[in-house]
Amino acid sequence: MASTLQPQHDTQGGVYTFSSRPRPVPNRAKYRNTAEPLNEEEGSHGNIMYDRRVVRGNTYAQHILPVTSQPDPMEFLRQQEARRRAMSKKRLKEQFGPKTPEPLEGRTNIDVQTEMYLEELSDRIEEVSVECQTDMFLDKPATPLFIPDKTGRDAATQIEEGELFDFDVEVQPVLQVLVGKTIEQALLEVMEEEELDNLRARYQAFMEIRNAELVEVQRLEERERRLHVERENRIKQQKAVLEKEKETADKIAARAFAQQYLTDLLPSVYSNLKESGYFYDSVKRGKLTGM
Amino acid sequence: MARPQTSQQPQTHLTQAPVAFGNWALPKLCSELQDDELVSRQRALTALCDLIHDPERAYEAILNGCMERLKFLLKDDDGLCRVKTTEALYILASHSLGRDAIFRNDIMGPLADLLDDPVDACRRNVHQALNRMAEYPSGAVFMVSMGLVPRLVLKVPIEAEIIRALILSTLSSCIMINAQPALESDAIPVLRGQLSHQFSDIRRSATSALVGISVPSNGKVKVCEEDLLPLMVKLLSDNDQGVVANAAGTVMNTAVITRGKHEALKAGAIDPLLRLVASDNRAVCANALRALTVLAEVPSARAQLLGHVSLLKTRLQHPDSTIQRAASSAIEVISWKP
């Protein structure tokens, strides 16, 4: 096996040193006749798990080869000590322990049970044969749901009624706001209406007085107008009467005058005509002209 | 579970926008009013309607310029938006600053356009707003000048009861300012139709409108023409004191002209009126006394009433000065000898 690196042997002043670069442990060839693989990297080292030279298992109780071939004096001393102690213990035990006397000739000692109840001792172990037969194969029952074991401590809590939400307490602020706003608004409106009602009442009172006074004024006006008209009528009537009277008087005077004028008229007319010769006796005239 | 974060606390205002605290409430609401999303506009409007009942909040809202937004929202497409906008306007009209703001921003025009709105609640709110505006003289003057009276007269027969009562009271307020537009738009037949309604509110408002109509002279003539006096005499025995007072008022107004006197006497007004003189209600008593005063100018009535002077004399001790004066003038007229 050619290694990649040659060990170096160096001898300087009689001290031998050896150093080589670290390299993996070469594997033993499995068969004698196997030619060395050319690929040194793979074949030159093997799996240490399958190497027989590697110590396996517990190392506590291994017989470790002493580093040197000579026994350790300390170790040797310790072993001697232990041997001596064992011997002494054994001797003590022999001296003071109860011993059965030696049997007589031709007799042997035999062990006897001295307990209350005798026990049969034999090599043969009592056995009882027990049979067991499984039931007919049943269907495998359904596997129960795997519920892992509970770990940890359990703690429970219960919420009683009224603990999370108490209606009476919660509704109060809402109610307050609602009722407050409604009442405020209602107060406003009622005050406004009251004011208006007062105004209207006073207005009504005023209107009543006004109407009454108005009609009084109108009545008096009307009365005045009537009286005035009446007066006018009377005056007109009176004037008419006077007018009529005057007319009548004029008519009478005119008639009297005319009568008087006319009485003289007729005789004077006749006398004038007679004088002018318009009235003549036609026979007389005829006689006068005919002659 | 009370939580410190306000966003996680139980929501008590899902239909309203959350109102910020203190001074920031109204500016934020006003800016939410012009939000693009419909839901936030509705919620902001609902919250605004609730807040505005307080006069200080109403003042703040007007200062923050919510009137233009409301005017713009009146023409919104969504019905609920319009309902809530008109409701906000109607609440604002009860504060004097609100009324001023409504005039200054010319909101009456768009509001009156909503008289024909399809949503009932919207129309009801519009009429309530108009009613409140008309209760104040400046508002009534404006409404008359805007030409709203003929439209309202047209609406009376077709609307439902609640709205009808509102329209009639608006009309009576307007008529008290100026009765001519109502007379011109033939209000009397319409009012006559409402006189026999079962709701006393409607009857009361109709009769008060008639009182207003019979103040000017052509109104008196028209009342006589339409033969309303027998109806009035019948209403003198109504259950509701308001109706009775107004009916007596109409009689007293109409009887100022001669024709009215004759018609009233023909309808037999004197006996019910005599019964009403003893009433406790001040309006009823005063109106009855004045009606008797007016009717007593007719000689026949005077003769009839001479027997009841003692009853009128009891009224002279009434603590109220108007009734005292009315009683004394009645006695004076009755005992007048030509």
Side-chain angles (χ1 to χ4, degrees), chain A residues 163-227 229-231 233-234, chain B residues 1-2 9-13 16 19 50-55 57-58 91 94-95 132 135-136 172-173 176 208 211-212 214-217 220 242 245-246 249 251-258 260-261 281-287 289-291 293-294 296-297 320-323 325-326 329 333:
Chain A
E163 276 179 17
L164 276 182
F165 180 75
D166 183 11
F167 180 71
D168 291 329
V169 165
E170 297 299 332
V171 90
Q172 264 191 14
V174 180
L175 258 185
Q176 266 177 2
V177 168
L178 275 175
V179 171
K181 278 203 178 177
T182 317
I183 289 192
E184 208 182 289
Q185 189 64 30
L187 264 175
L188 263 182
E189 295 197 13
V190 164
M191 274 197 325
E192 191 194 2
E193 273 177 31
E194 230 180 83
E195 201 183 314
L196 279 177
D197 279 339
N198 277 340
L199 281 175
R200 236 175 249 143
R202 295 188 61 161
Y203 183 68
Q204 285 294 99
F206 168 71
M207 288 312 289
E208 284 165 26
I209 300 176
R210 171 196 181 258
N211 280 342
E213 297 302 319
L214 190 66
V215 86
E216 186 68 15
V217 162
Q218 284 193 336
R219 182 185 71 84
L220 288 173
E221 247 178 42
E222 182 66 25
R223 206 178 77 149
E224 274 310 306
R225 191 190 65 87
R226 264 203 328 268
L227 285 174
V229 164
E230 195 75 20
R231 226 176 285 140
N233 278 349
R234 290 287 159 80
Chain B
M1 276 148 266
Q9 276 170 358
Q11 304 284 328
T12 50
H13 41 63
Q16 289 187 13
V19 172
D50 268 350
L51 280 181
I52 274 190
H53 286 280
D54 188 5
R57 296 286 193 173
I91 299 174
S94 63
H95 307 294
R132 284 236 177 121
E135 279 177 357
Y136 301 96
S172 62
S173 314
M176 264 188 256
S208 85
V211 169
S214 53
V215 165
S217 40
K220 296 193 225 273
N246 288 335
V251 168
M252 98 189 159
N253 271 331
T254 320
V256 170
I257 58 173
T258 324
K261 288 200 233 274
N281 189 323
R282 185 174 66 173
V284 171
C285 182
N287 285 356
L289 281 170
R290 298 238 185 248
T293 315
V294 176
E297 304 204 334
D320 203 342
S321 63
T322 41
I323 298 190
R325 265 180 299 155
S329 66
V333 170

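All figures in this text were calculated on a predicted structure; none of them were measured in a lab.
Counted within 6.0 Å of CD on A:E184, heavy atoms from surrounding residues, nucleotides or ligands total 12 or fewer; the atom is thus considered open. Open room surrounds CZ on A:R223; 12 or fewer heavy atoms of other groups in view lie less than 6.0 Å from it.
By number of non-hydrogen pairs under 4.5 angstrom with chain A, the leading residue of B:N287, B:V294, B:D320 is B:V294. Among B:E297, B:M176, B:H95, the residue with the largest count of heavy-atom pairs under 4.5 Å with chain A is B:E297.
To the nearest 0.5 Å, the span separating CD on A:E222 from CG on A:L227 amounts to 10.0 Å. To the nearest 0.5 angstrom, A:D166 atom CG is 9.5 Å from A:Q172 atom CD.
Taking every heavy atom of both residues into account, B:K261 and B:A255 meet most closely at CG-O, 2.8 Å.
Residues in residues 187-199 of chain A take part in these salt bridge (Lys or Arg N to Asp or Glu O under 4.0 Å) pairs, two or more places apart or across chains: A:D197-A:R200.
Contacts between B:T322 and chain A at a heavy-atom distance below 4.5 Å involve the side chain alone, from C-beta outward. Only the side chain of B:V333 comes within less than 4.5 Å of a heavy atom of chain A; its backbone N, CA, C and O stay farther away. Of the two parts of B:A326, neither the backbone nor the side chain holds a non-hydrogen atom closer than 4.5 Å to a non-hydrogen atom of chain A. Within the 4.5 angstrom heavy-atom criterion, only side-chain atoms of A:M207, from C-beta onward, approach chain B. Heavy atoms of B:L289 lying under 4.5 Å from chain A are absent altogether. For A:L187, no part sits under 4.5 Å from any heavy atom of chain B, backbone or side chain. If you measure heavy-atom distances from B:R282 to chain A, the contacts under 4.5 Å come from both the backbone and the side chain.
Residues of residues 209-219 of chain A lying within less than 4.5 angstrom of chain B, judged on heavy atoms, are A:I209, A:R210, A:N211, A:A212, A:E213, A:L214, A:V215, A:E216, A:Q218, A:R219 in numerical order.
For A:E224, the salt bridge (Lys or Arg N to Asp or Glu O under 4.0 Å) test picks out no residue, with sequence neighbours left out. Partners of A:V171 by side chain to side chain contact (heavy atoms under 4.5 Å, CB included), not counting sequence neighbours, listed by chain and number: A:F167, A:L175.
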Checklist entry - side-chain contact (heavy atoms from CB on, under 4.5 Å) between B:S94 and B:H53: does it pass, once the steps are laid out? => result CA-CA 9 Å; B:S94 63; B:H53 286 280; over 6 Å; no
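Remark: A:R225 does not engage A:E221 in a salt bridge, criterion side-chain N to carboxylate O under 4.0 Å.
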